[in-house]
Amino acid sequence: MTDHDQISRRTAVTAVAATAALLPFAGAATAHAQEAAAQGSFFQHGIASGDPLPDGVLLWTRVTPTEAATPGSGQGPATKVSWQVASDKGFTSVVARGTLTTSAAADHTVKADVRGLHPATHYYYRFTVDGQHSPVGRTRTAPAHDIAAGNVRFGVVSCANWESGYFSPYRHLAARTELDAVLHVGDYLYEYKSGEYPEFKYVVRPHTPAHELLTLADYRMRHGAHKTDPDAMAMHAMHPVIAIWDDHEFADNAWKGGAVNHTADTEGPWSARMAAAKQAYFEWMPVRPSIAGTTYRRLRFGTLADLHLLDLRSFRDAQAKPGSGDVDDPGRTITGRAQLDWLKSGLERSDTAWRLVGTSVMISQVAFGAVPAKLLGPLAEILGIPKEGLAINTDQWDGYTDDRRELLGHLSDRGIDNTVFLTGDIHMAWANEVPLQAATYPADRAVATEFVVTSVTSDNVDDFLHVAPHTVSMAGVAAIKAANRHVKWLDMDSHGYGVLDVTAERTQMDYFAISDKTDPQATSTLLRSYLTRTGSQQVERADQPLI
């Protein structure tokens, strides 16, 4: 596997005045993206960038050469597309350019892997077809490998179900012009048929296509629909996105040989469905495929942070039955042997101040204790476990304890500190310490910390119960915290996003909630701020949010 160790983090966030100067561009980028979706435009799906390196970045767009060339149609001629990168948004100083050809074989998606740029620098980019320009995008390269930047800052998001609401968290992240990038830790889209999740009467806006995704054309169509969302367009136009997949980019609770939401007898071979989903993902997302078409890879942000990105679906064994001894079977894996060795080696070799790990499912141990009966059903729906009891969520690392024991033991034995796991998946916000043995914590010290972001829109406890947020769920929060002393904070009901800031002294996550996921103009409010100080492996509440 090739480590993308060329990626560095940027220098310190510049003054507020510099940020304010870019705010008009944020609004213009949103308006331009929406205008580009008008009938007749070649660029109906916006533009995007991703995987920043010190000397480059990956640029993306999708062209619609004819009216019939819709996503997944397989129609439309081969089309020449030019791209430009400039140091100014007026393109008076173009620093890189090129031309390539796309066709229906790639669903008319375009990727340009641009190199030769300066580290820690903002650039503007656009595409052109037959004299028509795309919206203008703004991106940023990573800091140089050997530069000690003052900070690096990421937006962090997960679990964006189109039918559950509007993607307002993306809009709020687009307005945060100081971000280095946005980290998407999985479930960028959902595979369900319309009305399956949530049920029909709670659908905010219907899926395209309306049926469950099975074929390459299906996955292409839904990716295409997501790229027409104005908030997604705005986020992609403003920031490079660093993404990994979770299960719903394929099917619910996916593993290497199948998924809970896949029936081979009626839906065909799992291998064909997963191949189709992966192809569409790499066509439609600004992501560099790594080894064997997976998303595990490593990005470096100067001497401040390495970012290790995991693929926890391609190599894992089937989920164990909750409560069974199979969760401890050393023959079962969530990472696969090669990926776990790669991660352990990368963490040990890292010479940065912090080791960040993008993991799509939670690594912290969770015992559920005496959860009130009313919460069993909705929590089981979210966590994907039987409604008879909540002994364990076997879809996350709790179901693959041997891999977790090996990884956490490696951190402890090698004295690897300042490891922070960044997680999504379970539609709740958590701030956790990660002990070797949760049962004996705090006698057994924590060896890492974990910040889990809630969902962009996907249903959580109050949605399943159709009650006011932070009412019924509070009993569940209390029970989980009582049974898990390493869980420092938990919010079961909010939807939103996180903003992670990393300095040499600490890593801090600000958790934000949106006012109403069914309101396309939803506002954003700070919920909590938590940090971990260098060398501590402990989580504490921050005195003040990031600025």
- Query: Asp317: what forms a salt bridge (charged side-chain N to carboxylate O under 4.0 Å, His left out) with it, not counting sequence neighbours?
  - Reply: Lys256
- Message: Show, in sequence, the C-alpha distance, side-chain angles and deciding distance for Arg297 and Asp51, and conclude whether the salt bridge (charged side-chain N to carboxylate O under 4.0 Å, His left out) test is met.
- Response: CA-CA 10 Å; Arg297 61 203 190 279; Asp51 282 4; 3.0 Å; yes
Salt-bridge contact [X]-[Y] (side-chain N to carboxylate O under 4.0 Å):
X	Y	value
Lys488	Glu540	no
Arg316	Asp395	yes
Asp328	Arg404	no
Lys517	Asp463	yes
Glu178	Arg153	yes
Asp402	Arg405	yes
Arg337	Asp341	yes

- Task: Please list, chain by chain and in numerical order, all residues satisfying ring pair (Phe, Tyr, Trp, His ring centres under 6.0 Å) with Trp270, sequence neighbours excluded.
- Result: His262
Does [X] make a cation-pi contact with [Y] (under 6.0 Å, within 45 degrees of the axis)?
X	Y	value
Arg298	Trp342	yes
Arg506	Tyr530	no
Arg485	Tyr441	no

- Between the side chains of Lys278 and Ser314, does any donor sit under 3.5 Å from an acceptor? yes
Is it the case that the ring center of [Y] lies less than 6.0 angstrom away from the ring center of [X]?
X	Y	result
His308	Tyr296	no
Tyr188	Trp245	no
Phe154	Phe301	yes
Trp489	Tyr511	yes

- Message: Name the residue from Tyr219, Tyr190, Trp162, Tyr281 that meets the ring pair (Phe, Tyr, Trp, His ring centres under 6.0 Å) definition with His248.
- Response: Tyr190
- Item | Lys481 (side chain) donor-acceptor with Val487 (main chain) under 3.5 angstrom | no
- Item | Sequence neighbours excluded - salt bridge (Lys or Arg N to Asp or Glu O under 4.0 Å) pairs with any residue from residues 206-215 | Glu212-Arg273
- Query: For the residue pair Arg355 and Asp417, what are the closest heavy atoms and their distance?
  - Reply: NH2-O, 2.9 Å
